[in-house]
Structures are given as C-alpha cells and as structure tokens.
Amino acid sequence: MKATIERLISAALVALPSELLSSNANAIKPEVERTRDTSHGDYATNIAMRLAKSVRLNPKAFAAELIKALPEHPDVARVEIAGPGFINFHLTANAYHNEIRRVLDLQSTYGRADPNTRPSILLEFVSANPTGPLHVGHGRHAAYGAALGNLLAAIGHTVTREFYINDAGRQVDILGLSVWIRYLEHFGEALPFPANGYKGAYLAPIATSLAATANKEFFRGAASIVADLPADEANGGDKDLYVDALIARARSLLGELGFQAIVNHALNGMLADMRADLEAMGVHFDKWFSERSLTTSGAIDSALDRLEKSGNTYRKDGAIWFKATSFGDDEDRVVERENGIRTYFASDIAYHLNKRVRGYSHLIDVLGADHHGYVARVRGGLAAMGEPPESLEVALLQLVNLYRGDEKVAMGKREGNFVTLRQLREEVGNDACRFYYVSRSHDQQLDFDLELAKRRTTDNPVFYIQYAHARVASVFRQLVERDLIHDEKVGYGALNRLAQDHEHKLMVTVTRYPEIIDLAAATRTPHTLVNYLRELATDFHAAYAAGNENAAHRFIVDDAELRNARLSLVLAARQVIRNGLDILGVSAPQTM
RNA sequence: GCGCCCGUAGCUCAGCUGGAUAGAGUACUUGGCUUCGAACCAAGUGGUCGGAGGUUCGAAUCCUUCCGGGCGCACCA
C-alpha cells in the first residue's frame, strides 16, 4: 500500500509544470509514512516541505501543485494539504479490504519479498570461543543474529548464517591441556590444576569420552609431566609461563599428533555441545567456518601477500606490521610476531577477505560492543587488500545483565559460576528467551529479568502476543463446536461489513506488517517487529473484548456475511502474528 | 587522555534515520465476565525528552560543549 503512494508521488514529481520541476525529479525518493493521527488520513508525505525551497515556493502552494499532478488511483479516496505542508492521503476502505485478502492469499509469504531479489549477505554471529559453554551474553547474539537473518531473508536477501570457530591459537591448546588433565584424573593420576586452565565442570564428559575412546593411549605419569616446570601462580610463579610450559611438556610427551588428537577431541566435544545448544534454541547456522582452515588453505598467506604487495606492511622490531593508520585506525597493527607466529588479527583480515572471495557482496558481523575498536582495523585491512571497506557492516550488541527480581546475578567467567544459555532456556523457556533477547534495541544494555521472563501474566509481552494467537485458534474451535464453518468466499466478499472502529483499527494495523518488516530489516532492529506485534495483539484483544461488552460485536454472530467477514479479518491477524513470531523464532501456539 | 554506546513518565523501555498534540508496558486510582479463553478490555493520574548553546519552516532525533552511567584502547583471542 505504501509503495502505491510512493509511486503516485514519484509520478506527480515528473509530471509537474516545467518551472516547478526539480532537475533530479526522477532521483527523489518520496518519504511516505503512516499517519499517527487518523484525522490526518492514512499516509502522509513531507515532500512538499522538502522541495519547496528549491523551487522558491511556499510548501503549501507547492503541495497544491503536486496534488494537481497526482494521478488518480482507486485506492485513494482523497488527498489534502495539512499543517505546514504535509500531503495527507485518505485511502478507500476497499484498499484495506484488498490488502486483507492479500494476507489470506499469501499466508506465510505475506510481508516477504521474492527470494534473491537483493544481494547475498554473509551474516556472522555468535562465533563464541569453543573453550566454554555458551552463556547468557551469547544468547543475545544468537537471538539477535537469527532474527536479523530472518528479516534480511524476508526482504529478499540470500543470507548465509555463519559461525566462525576460533579453533587456532593458545586458548585452544589450553583447552586441550585442561581436558588431558581431567582425562589423567579419570585414571587416578592427579596433578595440580593450572591456574590458567579451564576448570569448569563442562569438560568432565569430554574427558570421560576421551578415556572411553583412547583408553590409556595418552596416559603419562604425573611426575614426568611436572618435572622441572616453573612454578604456577599458586606457588608464587607466573600462571602464563606455567601453562605454556605445561603445554610444551604435553607436546613432547605425547608427540604433536597425540596432543593434537586431544585438542581435536576437546574441540569437537565443545562444538557439538554449542551446536546442540543453538539448535535447541532454534538458531541454525549454514556454515561453521574454521579459523584453522585459513592457515591450512593458505588464505592467511595470500592475505598477507596482498597487504605486502600493496605496500601496506613494514618490518619493525622483528615483527611484520600492517599500516592500519593509513586506513583510519589509531595505530598500526602487528600481523606476524617476532617469533613468526601470526596474530589473531592476521587471521581476521584473512577471514574477511575470504568472505569476499567466496562472493558475498555484503558482510555483516554481529559483535559484542567491547569489540568496537576492532571495526576500523578490519575495514582498514579490507581496504588495503583492495576490497571496499563499506562492504563490512558491524552490528555491536551491548551487554546483558541478568537479574532475579531486583537482584543482579553475579557472573564471572573465570570462576565458572556464570549462568549458561542452556540453564536460562530451561528456566524461562525458549520462547520467552528468544523474545526477551530481541525486545530491546541492540545498542541498549539488556537487563534480563528471570522472574519477569518466567511470569505467565500480562506484564510478560511474549505471552500477551501468543495469547492473541491462541485466542484466534480458540474462536475457530468454538466455531466447530457450533457446527459452523468459515466460508472464506463469503468472508472475502463481505469485508465492507466491518464497520466498527476496533475492526478498522485492527485492519489498519495488520496491513502495516510489510512496512514494519522493511523498516526492521533496513535498520537491523528486530525490536521494531517486537513492538509492532505487541500493538497488533493489543488491537486484536480490543476487538475481541468488544464482543464481551456487546454480544453483537462478537466474531461469531448469526449474520453469516458479518460472521465470515470478521473471521476473515481475525484470520489475517493470526497470520501476521504467526509470520512475525516466526521471524523472531518464537512459537505461535494454538492453546496455552 | 582518546574512541564507541546510553541518558525520555516513579520503574523498564519505544519513538518509523528531522515532522503534526512525545507514546507503550508496569505501578497507582476506577470500571467491565450468565454463551467466542478476564492469561483480556476501557478510563484516569503521571514529562524541563540529563543541562546549555547552535543548525531550519520544524529538533527527543542532527552539530558543538558540559554533566552522569556502561564498554573498549595488546606482538590476548
């Protein structure tokens, strides 16, 4: 409907008398928005106020000219000038009836553009380190990323959802070491747990499965392992030196292959757990991309090559530096250390180059707000390698604070006392979880109240919306009980019988859905959709309650035309609620 | 010190990339179930949009500055 108005205005702009014609009339995209106040009609545009100056006319006079040039359209009942120069469009009732019929015809595709009508997007999110289970912070990334992916797909992008596995580097070695120690304990060989190791209980099952598959293949005596090692933190030493020495000892005792086998076992165990966790949350990834593969495939080599060939690297203090300052970063960055080992940043730019090489024109990274400093660096890397830096878009998500009522739940990752995503989902349920995470703007810190999320009452919006859906289902159950059926043909033809204010309001809100999807996708704000669904549920509940005030306003009435028309409207509302919840990854229940 | 995010009703937050009289939920006050689910609805109370300047037809929104809160500023990932 909005597109229709936009087209009419565009047509009027080029049809204006020549002295009023803007030189770039074809390029001007009219801004059309829903009116907030029904007395202002259905849609309004501010175009006359925007353009008046350039044609040296006051906005109202220009608006009058524009209206003269406006083509006729059956959906438009009348057009008028209001306020400082707004042009207000009043639509016919039939325009809305047609849109309701479209909802019912298109069903789950209502509000969706044709697939592949926009550029392909690589959407990377979560990408948690595989050294610990997903926690509540990752949950926000999962829920946001999944919802954003659905929104982008809904407006016609082809979306590849990707999880970047940080399976290279020291942290992963420490993970393998930690599992190895637990494995040794399994066979009764105890050595003091390194201060820098991963102490969490979540490694126990992985160590147990290692023991089951490998038996004593990796068993070594504690004495031989700790012999001549520097002191750990507990004994007044340095925890980093100690853990690195311990890893080196493990490598020498087990051989590189042996140690790698343990690391891989640990990694696979952690990844399987994260994947299961995410799938249970309804968050699916199309690809799990290994950081290690960047080394083995030579992607890092070729990325650094490209940097060097473009003259954007130099050597200093034995290390290789990238001239990040030439591309807007605060300081230059090391890509290869003195010891010949590449930095994390090296694999990062290689990874983003790889995304481009794989053919994605647009890249979106969903990152924690604490990574904001990293954006300029990676963009700079892309630019230095000859890729457009603006092809990388970054959505920064603010922190999640967990509350139980008024009490903040303390979380420390090192201590291993953080609440996992799995615990959260089990406690509050998946729907409340998915909904809550995306209910606030992503650049706002999120206070996740466990008590509120669990509450099955009106102050919990997820149930409020789901209840609207279940209520429609209940109406149709009632219909069956009364031996009636919904005659869609009659309903389609009788939509003009919907004369009540609350019916009209509901109809208007239902038809806003495609505009909301466009907006939420364009601004990367799933919470826009959340707010809309709440409004839609409100309008539905109001229409429903009208029947409690006055039986003549019920959906199921004796008058067959009216009944079927109302049922059609209610069905359209249900469809839109369902489509919206589907994008958010929240279920639309028939009963509650 | 530099960078990013935030500051809107008692509380939690929206505010459609600058529009018309700033909105929801919650809390509080009041009213509404003998047939479609009251897990609901209706009405009311509640605002210096952190402060001060500026940009223009028009600012909660953009710019500058100050105040307050959060997060970053590695040859860690």
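These values consider heavy atoms only, across backbone and side chains, with no hydrogens, waters or symmetry-generated copies. In what follows, chains carry the letters A, B, and so on, assigned in the order in which the sequence lines appear, proteins first and then strands, with residues in each chain numbered from 1. None of these values were measured; they are calculated from a predicted model.
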Item to complete: For A:Ala376, answer base if it contacts any base atom (sugar-phosphate contacts may also be present), sugar-phosphate if it contacts only those atoms, and nothing otherwise; contact means non-hydrogen atoms under 4.0 Å.
Response: nothing
Fill in: Sugar-phosphate only, base, or nothing, as touched by A:Ala44 at under 4.0 Å among non-hydrogen atoms
base
Practice prompt. Assign A:Pro59 to base, sugar-phosphate, or nothing according to its heavy-atom contacts below 4.0 angstrom with the strands shown.
Written response: nothing
Worksheet item: Touch check for A:Gly169, heavy atoms < 4.0 angstrom, all strands: base, sugar-phosphate only, or nothing?
Response: nothing
Discussion item. Can you measure A:Asn88 atom CG to B:A20 atom C1' for me and round it to whole angstrom units?
Written reply: 9 Å
Worksheet item: Quick check, are the ring centers of A:Phe125 and A:His141 under 6.0 angstrom apart?
Response: no
Worksheet item: How would you label the contact of A:Asp317 with the nucleic acid (heavy atoms, under 4.0 Å): base, sugar-phosphate, or nothing?
Response: base
Worksheet item: Under 5.5 Å between ring centres and under 30° between planes: true for A:Tyr544 and the base of B:C36?
Response: yes
Discussion item. Mind checking if A:Asp443 touches a base, just sugar-phosphate, or nothing, with heavy atoms under 4.0 Å?
Written reply: sugar-phosphate
Worksheet item: Separation of A:Arg482 atom CZ from B:C36 atom P, in whole Å?
Response: 7 Å
Fill in: Among B:U17, B:C13, B:C40, the one nearest A:Thr523 by side-chain distance
B:U17
Worksheet item: Under 6.0 Å between the ring centres of A:Phe322 and A:Tyr314?
Response: no
Worksheet item: What nucleotide, of B:A39, B:C41, B:C57, holds the atom closest to the side chain of A:Met49?
Response: B:C57
Worksheet item: Please give, in whole Å, the distance from B:U35 P to A:Leu479 CG?
Response: 19 Å
Worksheet item: If you look at every strand shown and take non-hydrogen atoms under 4.0 Å, does A:His40 touch a base, only sugar-phosphate, or nothing?
Response: base
Discussion item. Closer than 3.5 angstrom, by distance alone: can the side chain of A:Asp167 be matched with the main-chain N or O of A:Arg292 as a donor-acceptor pair?
Written reply: yes
Worksheet item: When all nucleic acid strands are considered with a 4.0 Å heavy-atom cut-off, which category describes A:Arg170: base, sugar-phosphate, or nothing?
Response: nothing
Discussion item. Mind checking if A:Arg554 touches a base, just sugar-phosphate, or nothing, with heavy atoms under 4.0 Å?
Written reply: base
Discussion item. Does A:Glu338 reach a base, just sugar-phosphate, or nothing at all? Heavy atoms under 4.0 Å.
Written reply: base
Item to complete: Counting heavy atoms from C-beta on, name the nucleotide in B:C16, B:G3, B:C40 closest to the side chain of A:Arg36.
Response: B:C16
Item to complete: Output yes when A:Asp559 and A:Arg563 qualify as a salt bridge under the 4.0 Å nitrogen-oxygen rule, no when they do not.
Response: no
Practice prompt. For A:Asp37, answer base if it contacts any base atom (sugar-phosphate contacts may also be present), sugar-phosphate if it contacts only those atoms, and nothing otherwise; contact means non-hydrogen atoms under 4.0 Å.
Written response: base
Worksheet item: Rounded to whole angstroms, how far apart are CZ on A:Phe555 and P on B:U35?
Response: 16 Å
Discussion item. Side chain of A:Ala470 only, heavy atoms from C-beta on: which candidate in B:G7, B:G37, B:A74 is closest?
Written reply: B:G37
Worksheet item: Do A:Arg471 and A:Tyr544 meet the cation-pi criteria used here (NZ or CZ under 6.0 Å from the six-membered ring centre, within 45° of the axis)?
Response: yes
Worksheet entry | Options B:C13, B:A39, B:C5, nucleotide nearest the side-chain atoms of A:Tyr467 | B:A39
Item to complete: Ignoring the backbone of A:Glu331, work out which of B:C36, B:C73, B:C71 is nearest its side chain.
Response: B:C73
Discussion item. Are the side chains of A:Arg482 and A:Ile556 in contact, using a 4.5 Å heavy-atom criterion?
Written reply: yes
Fill in: Among B:C41, B:A14, B:G19, the nucleotide that comes nearest once only the side chain of A:Arg50 is considered
B:G19
Item to complete: Name the nucleic acid region contacted by A:Leu519, choosing base, sugar-phosphate or nothing; use a 4.0 angstrom heavy-atom cut-off, strictly under.
Response: sugar-phosphate
Worksheet item: Given the side-chain rings of A:Phe448 and A:Tyr436, with only the six-membered ring counted for Trp, is the space between their centroids under 6.0 Å?
Response: yes
Worksheet item: How is A:Thr591 classified with respect to the nucleic acid when contacts are heavy atoms under 4.0 Å: base, sugar-phosphate, or nothing?
Response: base
Worksheet, complete the sentence: Of the candidates B:A77, B:C40, B:A14, the side chain of A:Tyr464 sits closest to B:C40
Item to complete: Look at A:His527 and B:G15 and indicate whether a side-chain polar atom (N or O) is within less than 4.0 Å of OP1 or OP2.
Response: yes
